[in-house]
K.L.:
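The structure follows.
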Number of protein chains: 2
Amino acid sequence: MASENVEDYLKSIYTLQSKEGRVTTSSLSERLRVSAASVSEMIKKLADEGSVHHTPYKGVALTEEGKTRAIRIVRRHRLWEVFLVEVLKYEWDEIHEEAERLEHITSDKLEERLDAALGYPTKDPHGDVIPTREGKVVQFGQASLASLKVGEQCVVSRVSDSSPDVLKYASKLGITLRKKIHIREKLEFDGSLRVQVEGREHFISGKLAQHIFVEPVADEKRRRSKSFKRVRTISRGKSS
Amino acid sequence: MASENVEDYLKSIYTLQSKEGRVTTSSLSERLRVSAASVSEMIKKLADEGSVHHTPYKGVALTEEGKTRAIRIVRRHRLWEVFLVEVLKYEWDEIHEEAERLEHITSDKLEERLDAALGYPTKDPHGDVIPTREGKVVQFGQASLASLKVGEQCVVSRVSDSSPDVLKYASKLGITLRKKIHIREKLEFDGSLRVQVEGREHFISGKLAQHIFVEPVADEKRRRSKSFKRVRTISRGKSS
DNA sequence: TGATTGATTTAGGCTAGCCTAAATATAAGA
DNA sequence: TCTTATATTTAGGCTAGCCTAAATCAATCA
């Protein structure tokens, strides 16, 4: 496979592409903590090898091949995260760095065996979907907790893994996957919330609420029948 | 920690030191498949940072610090090997390469958790001793199968992991850890043996016999007492 | 429109490790 | 002892990725 550095670029491009649409030299520079000049060089290299399309001064986009490679790395990352939590008893805020290293040295066989040993999980410990080996990413629509109104109830389906501190704090409040949340109060001017989780009440800033994603409370029976948005499959075609 | 390359050098020096005593530029060059010139450069670097003693034109030896680091890597390598066999169901001839990569990206915490999850194993799947976290390597004396005489019996305690082919062949003959072997015949001129294992007889070359290490047959009773609370399969609470 | 500003790319350098070829040290044999 | 063969080291180069500084492009605003 490719070098670790190349893999990191591909993965970052993939993530930024899904999250923001456009991927620029500077966004990559910031994300990878590398100078814009270095990014520019690497982009040229990636374009030469056919992993990205590059329009100078405009931005990059993954080619089909680049996207496939990126998704594969994301898959490995998330499988390792499941392993770290389920088998090695890590907390969900401790796993990112470890998975970041493990993903790059994972052979096809190792990926396969790990997947099997874990029971073919479909989500990582933060609730992010684990792409299939074929590169299919089945993303269920999710609403941010920040979008709910007073009186509504919901169930936590994902917490953004962008910051370990957020994760740590969320779990301290009892906000972990599959927990039920009631919105008790909402301050419109700053988006902050008073919520109830497991019988306890907490105040949550609008900022934090944006990192927490939820689904409607479902009956045990027909759990998957509803979601706030449409179920959607991001496959090889368009992202986001 | 150090770079992957430095770690590989330290580990190789450690292994060669244990096996042959003296460690030369050329032996490292051969083992690491790198030119002698490159080895010479790296040795200078390692000497400068205090990991090895170097007498130009004579050879290298690990300092205490270098040895500690090398043993730590060996420990990680062997823990991963146990993991690959016990948890991911690899065969013992498939694990070396994977462990070779995993060992370099293993944080202290990961090492600790892995060790715990595996039930603090003391030997890897080939029978090699796993150094403790403090760097203690408890090596029990072992005789090579090649040193036994006709009529003797023994129990397999280790099989050299220097070649996957040897491992594969050995397991095909039923020669795996803790198996009992009877020496039925020995040809002195080439050291080859006729042995009985699990009721079947096989011919074994002297060369192969040198890769198989054995202990005297022990009482059934005493052997059982080892703790076996290892993770053999992964049982998980919830699978998202 | 044309100047300014910010983003991007190019130029020129650095390091870690690798290489081959050349120089040098040791050891072994005449 | 002297010569020769072999092992080791040094010299000089290469690549991948990183950097800063300088040059260039594009987009916006006067």
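Naming convention: chains lettered A, B, ... in sequence-line order (proteins, then strands); numbering from 1 in each chain. Model, not experiment: these values are computed from the prediction.
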K.L.:
Tell me whether the side-chain N/O atoms of A:T25 come closer than 4.0 Å to OP1 or OP2 in C:dT9.
P.N.:
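Yes, within the criterion.
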K.L.:
In whole angstroms, how far is the P atom of C:dG17 from the NE2 atom of B:H104?
P.N.:
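Nearest whole value for this atom pair: 12 Å.
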K.L.:
Return the value, rounded to whole Å, for the distance between atom CE of A:M42 and atom P of C:dT10.
P.N.:
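Rounded to whole Å, this separation is 16 Å.
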K.L.:
From the options D:dC19, C:dC18, C:dT9, select the nucleotide whose nearest atom is closest to the side chain of A:E41.
P.N.:
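Among the listed nucleotides, the one closest to the side chain of A:E41 is D:dC19.
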K.L.:
Please state how far atom CG in B:L46 lies from atom P in D:dT8, giving the value in whole angstrom units.
P.N.:
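It works out to 16 Å between those atoms.
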K.L.:
Can any side-chain N or O of B:Y90 pair as donor or acceptor with the backbone N or O of A:L110 at less than 3.5 Å?
P.N.:
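Present.
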K.L.:
Of all the choices, D:dT20, C:dT8, C:dT20, which nucleotide is nearest to the side chain of B:S35 once you look at every atom?
P.N.:
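The answer is C:dT20.
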K.L.:
In whole angstroms, how far is the C1' atom of D:dG17 from the CD1 atom of A:I43?
P.N.:
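It is 14 Å, rounded to the nearest whole Å.
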K.L.:
Would you tell me if any nitrogen or oxygen in the side chain of B:S3 comes within less than 4.0 Å of OP1 or OP2 on C:dG17?
P.N.:
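Looking at the OP1 and OP2 atoms of C:dG17, one of them is under 4.0 Å from a side-chain N or O of B:S3.
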K.L.:
Nearest nucleotide by nearest heavy atom, which residue falls closer to the 5' end of DNA chain D, A:A36 or A:P56?
P.N.:
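That would be A:A36.
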K.L.:
Just do the salt bridge (Lys or Arg N to Asp or Glu O under 4.0 Å) check on A:R78 and A:E103 with the steps written out, would you?
P.N.:
CA-CA 9 Å; A:R78 294 183 180 164; A:E103 66 189 13; over 6 Å; no
K.L.:
Show me the dot-bracket string of DNA chain C, counting Watson-Crick or G-U pairs under 3.5 Å, with | for pairs to another strand and [ ] for crossing ones.
P.N.:
||||||||||||||||||||||||||||||
K.L.:
Rounded to the nearest angstrom, tell me the gap between atom CD in B:E49 and atom P in C:dA16.
P.N.:
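Rounded to the whole Å, the gap is 11 Å.
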K.L.:
Considering every strand and a 4.0 Å limit on heavy-atom distances, what is the contact class for A:S38: base, sugar-phosphate, or nothing?
P.N.:
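Base contact.
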K.L.:
So what does B:V34 touch, heavy atoms closer than 4.0 Å: a base, only the sugar-phosphate, or nothing?
P.N.:
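B:V34: backbone/sugar contact only, no base atoms under 4.0 Å.
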K.L.:
Taking it one step at a time, do B:R101 and A:H104 satisfy side-chain contact (heavy atoms from CB on, under 4.5 Å)?
P.N.:
CA-CA 10 Å; B:R101 286 186 291 270; A:H104 299 297; over 6 Å; no
K.L.:
Just checking, is any N or O donor in the side chain of B:Q210 or B:S144 under 3.5 Å from an acceptor N or O on the other one?
P.N.:
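Side chains of B:Q210 and B:S144: no pair found under 3.5 Å.
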K.L.:
Find the distance between CG (A:L114) and CH2 (A:W80) and round it off to the nearest 0.5 Å.
P.N.:
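One gets 5.0 Å once the value is rounded to the nearest 0.5 Å.
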K.L.:
Would you find more than 12 non-hydrogen atoms of other residues, nucleotides or ligands less than 6.0 Å from B:K109 atom NZ?
P.N.:
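Enclosed: over 12 neighbouring heavy atoms sit under 6.0 Å from NZ of B:K109.
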K.L.:
Expressed in angstrom and rounded to an integer, what is the separation of B:L28 atom CG from C:dG17 atom C1'?
P.N.:
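In whole Å, C:dG17 C1' and B:L28 CG are 15 Å from each other.
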K.L.:
With the side chain of A:Y57 defined as its heavy atoms from C-beta on, choose the nearest nucleotide among C:dG17, D:dT9, C:dT9.
P.N.:
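Of C:dG17, D:dT9, C:dT9, C:dT9 is nearest to the side chain of A:Y57.
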K.L.:
Going from CZ on A:R76 to CD on A:E100, what distance comes out if it is rounded to the nearest 0.5 angstrom?
P.N.:
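Those atoms lie 14.0 Å apart.
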K.L.:
Rounded to whole angstroms, how far apart are NZ on B:K58 and C1' on D:dT9?
P.N.:
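Between C1' of D:dT9 and NZ of B:K58: 15 Å.
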K.L.:
Under 4.0 Å between a side-chain N or O of A:H54 and OP1 or OP2 of C:dT9?
P.N.:
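Indeed, a polar side-chain atom of A:H54 lies that close.
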K.L.:
Let's see if you can work this out: which of D:dT10, D:dA16, C:dG17 has an atom nearest to the side-chain heavy atoms of B:K45?
P.N.:
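That would be C:dG17.
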K.L.:
Which nucleotide in the set C:dG17, D:dT8, D:dG17 lies at the smallest distance from any side-chain heavy atom of B:N5?
P.N.:
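Comparing C:dG17, D:dT8, D:dG17 against the side chain of B:N5, the answer is C:dG17.
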K.L.:
Using modelled atom types only, decide if a donor and an acceptor are shared between the side chain of A:Q17 and the backbone of A:L62 within a distance under 3.5 Å.
P.N.:
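Yes, because the side chain of A:Q17 sits within donor-acceptor range (under 3.5 Å) of the backbone of A:L62.
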K.L.:
Could you tell me whether B:S26 contacts a base, only the sugar-phosphate backbone, or nothing, with contacts defined as non-hydrogen atoms closer than 4.0 Å?
P.N.:
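Sugar-phosphate contact only.
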K.L.:
Which nucleotide sits closest to the side chain of B:V6: C:dG17, D:dG17, C:dC18?
P.N.:
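So the side chain of B:V6 is nearest to C:dG17.
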K.L.:
Could you tell me the separation between the NZ atom of B:K44 and the C1' atom of D:dT8, rounded to a whole number of Å?
P.N.:
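Checked: the NZ to C1' distance equals 12 Å.
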